[in-house]
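Let me begin by presenting the structure, written as structure tokens, before commenting on it.
Quick note on labels: first sequence line is chain A, next is B, and so on, each numbered from 1. Worth knowing before you read on, the calculation uses all heavy atoms, side chains too, and leaves out hydrogens, waters and symmetry mates.
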There are 2 protein chains.
Amino acid sequence: MSSGERQSGVDRVVDIFEELLRSREPIRIGELARRLEAPRSTLYNLVNRLVAADLLEVMDDDGSVFFGRAMQLYGTAYAETNPLQRHARPLLETLAAGSDATAQLCALRHDKYVVLDSRSGPSLFRITTDIGVPVPLPWTASGRLLLGHSSPEQISALIPADDYTLPDGRVIDPQDFLTDVAKSRDDGYCVTLGLSDRFTCCLAAPVRNPRGEAVATLCFVVPADQPEARRLELLRRLIEASDRLSRHCR
Amino acid sequence: MSSGERQSGVDRVVDIFEELLRSREPIRIGELARRLEAPRSTLYNLVNRLVAADLLEVMDDDGSVFFGRAMQLYGTAYAETNPLQRHARPLLETLAAGSDATAQLCALRHDKYVVLDSRSGPSLFRITTDIGVPVPLPWTASGRLLLGHSSPEQISALIPADDYTLPDGRVIDPQDFLTDVAKSRDDGYCVTLGLSDRFTCCLAAPVRNPRGEAVATLCFVVPADQPEARRLELLRRLIEASDRLSRHCR
DNA sequence: GACGGGCGTCCCATATATTGGACAAACCCA
DNA sequence: TGGGTTTGTCCAATATATGGGACGCCCGTC
């Protein structure tokens with residue numbers, strides 16, 4: 001009755017959603033309260049409202065909660081309406097089918113890189129990054145392009161120190177990364193070989209808004225052993241598609 | 001300072017989302033306030049929070065708002081996690097490609113029918129119902145299946161009188177509709193010819209939970225002039241796929 | 001130029017949503 | 001069986017979010 005801060009219900013709802021996205025699997029209400037450091041009674045109240053609205057669903061086996069069907073409908077409405085996403089979809093399909101590779105639409109979210117949409121070619125069965133899963137920017141070719149409009153100071157301030165450490169333990173020098181960002185911006189594309197994964201090659205091209213800032217990227221994910229000629233061909237297609245997408249989004 | 005009801009911010013947020021889904025295009029905040037009969041100051045407060053959380057986006061040209069990128073990520077997380085949706089996707093692809101028709105996953109939402117996911121065959125360019133758009137239950141084959149576990153009283157209470165009127169003005173007799181529902185439940189499928197659209201044939205089969213209730217349907221949408229033999233073949237594939245999906249969802 | 005209407009922001013009062021706590025029932029593990 | 005933990009529900013108190021109103025601004029129209 002004297003200490004504890006009070007938080008708005010709406011903000012708490014946002015926290016719930018973000019925690020569920022991070023977890024990617026149902027969470028029990030008690031566990032949710034612990035992770036968000038929120039009172040249990042508050043969470044029961046909020047979760048019940050959200051379940052009634054179908055924004056969340058309770059798993060009837062153990063009472064844990066996850067996103068509900070309404071989310072799917074809202075998300076689809078967004079994807080169908082947003083010009084970037086709407087125009088990207090057919091392009092991704094063409095890229096993936098025509099080049100038999102995994103094609104992705106990527107963007108910046110908070111201080112990380114996320115895949116927004118992804119298509120795979122027919123013969124390919126590689127595991128591709130899940131949509132919406134945050135990935136450190138220095139791990140990716142797209143990350144270098146997405147930071148093109150930021151100053152070195154902004155970039156240094158944005159990226160957590162840990163994010164320069166690759167999954168295999170190697171560490172990227174922040175200075176080298178800044179150089180990469182500048183070079184990628186000038187080149188208009190970025191290619192990484194064996195970066196986030198020793199056997200993967202990523203090719204990325206920027207989707208730019210009218211002010212020239214990279215608001216998203218299109219990228220290919222292919223095995224690292226592809227011949228040079230094929231990589232160049234993939235890059236050509238990618239740049240053509242991203243230029244087209246840039247024109248659609250003004 | 002004495003009249004007006006007060007509403008919870010969370011409930012208002014839900015109202016905002018539902019109104020945006022209905023509208024399917026950006027709405028200005030003033031207009032939103034009018035439609036929801038909510039104070040403008042409240043909406044500015046809520047919308048600003050939601051925009052900050054990326055659940056909503058403001059269109060920079062005219063200040064109207066619509067769903068934001070976070071919705072897409074949450075919705076995708078749902079679709080990838082929910083067993084029904086996850087297993088339905090490859091089935092829809094197989095159905096659509098193998099039969100060159102539009103295949104849809106449908107379910108009940110409030111007192112209407114909605115498409116949850118949809119794939120079209122290669123040669124087909126028919127306009128298909130948008131995902132998430134509510135359609136009166138009596139207009140559809142799936143609607144008849146989805147009500148299979150409800151009593152006649154429940155059905156009569158659920159369906160608004162206007163929903164028995166088809167787009168072309170014809171009116172369905174509620175008694176006939178109840179008969180259709182019972183027959184569809186017993187048959188284990190439902191076919192409609194020229195119902196919601198004079199030139200369209202809908203074939204639907206139920207996805208049942210372990211208790212035998214139709215929690216969703218798979219359906220084909222094809223031109224009405226298809227030969228009987230093809231319709232039977234489509235129905236056979238549909239029933240096989242929906243049985244498979246039912247097994248996956250227990 | 002005056003006018004009407006919508007937009008975005010700010011401010012205060014109060015109705016109420018948030019909160020901590022307490023409770024019984026269910027659960028798990030020893 | 002029995003102690004420790006978790007679950008879901010309920011309650012009363014108060015910090016605060018909601019709602020009403022007022023303000024200046026911009027933009028079309030008359």
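Sorted by first and then second residue, the ring-ring contact (aromatic ring centres under 6.0 Å, His included) pairs involving residues 6-33 of chain A (not counting sequence neighbours) are A:Phe17-B:Tyr74.
Taking atom CD1 of residue A:Ile16 and atom C1' of nucleotide C:dT18, one finds them 13 Å apart after rounding to whole Å. As a whole-Å value, the separation of A:Glu37 CD from C:dT19 P is 13 Å. Remark: P of C:dC12 and CG of B:Asn45 are 16 Å apart, rounded to the nearest angstrom. The interatomic distance linking A:Met59 (CE) with D:dG8 (P) rounds to 13 Å, in whole Å. A:Gln7 has its CD atom 9 Å from the P atom of D:dA17, to the nearest Å. Between B:Arg6 atom CZ and D:dT18 atom P there is a gap of 9 Å when expressed in whole angstrom units.
For B:Glu240, the salt bridge (charged side-chain N to carboxylate O under 4.0 Å, His left out) partners two or more places apart in sequence, or in a different chain, are B:Arg244. Qualifying salt bridge (charged side-chain N to carboxylate O under 4.0 Å, His left out) partners for A:Asp168, counting only residues two or more places apart in sequence or in other chains: A:Arg170, A:Arg198. Residues satisfying the salt bridge (charged side-chain N to carboxylate O under 4.0 Å, His left out) criterion with B:Asp111, sequence neighbours excluded, are absent altogether.
Of the charged side-chain nitrogens involved, at least one lies within less than 4.0 Å of a carboxylate oxygen, so that B:Arg34 and B:Glu31 count as a salt-bridged pair. In this structure, B:Asp54 does not pair ionically with B:Arg69, as no charged nitrogen and carboxylate oxygen lie closer than 4.0 Å. Under the 4.0 Å criterion applied to side-chain N and carboxylate O atoms, B:Arg12 and B:Glu37 are not assigned as salt-bridge partners.
Summary for the helix from C:dG1-D:dC30 to C:dA30-D:dT1: the axes at its two ends, each from 5 pairs, differ by 50° when rounded to the nearest 10 degrees.
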Worksheet item: When you look at A:Arg208 and A:Asp243, which way does the salt bridge (charged side-chain N to carboxylate O under 4.0 Å, His left out) test go after all the steps?
Response: CA-CA 8 Å; A:Arg208 299 186 196 275; A:Asp243 282 350; over 6 Å; no
With the criterion being N/O to N/O and under 3.5 Å, what pairs connect the protein with nucleotides 4-11 of chain C, and how long is each?
residue : atom : partner : partner atom : Å
C:dG8   : OP2  : B:Tyr44 : OH           : 2.8
C:dG8   : N7   : B:Arg40 : NH1          : 3.0
C:dG8   : O6   : B:Arg40 : NH2          : 3.0

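At the heavy-atom level, B:Leu46 lies under 4.0 Å from the strands shown only through sugar-phosphate atoms.
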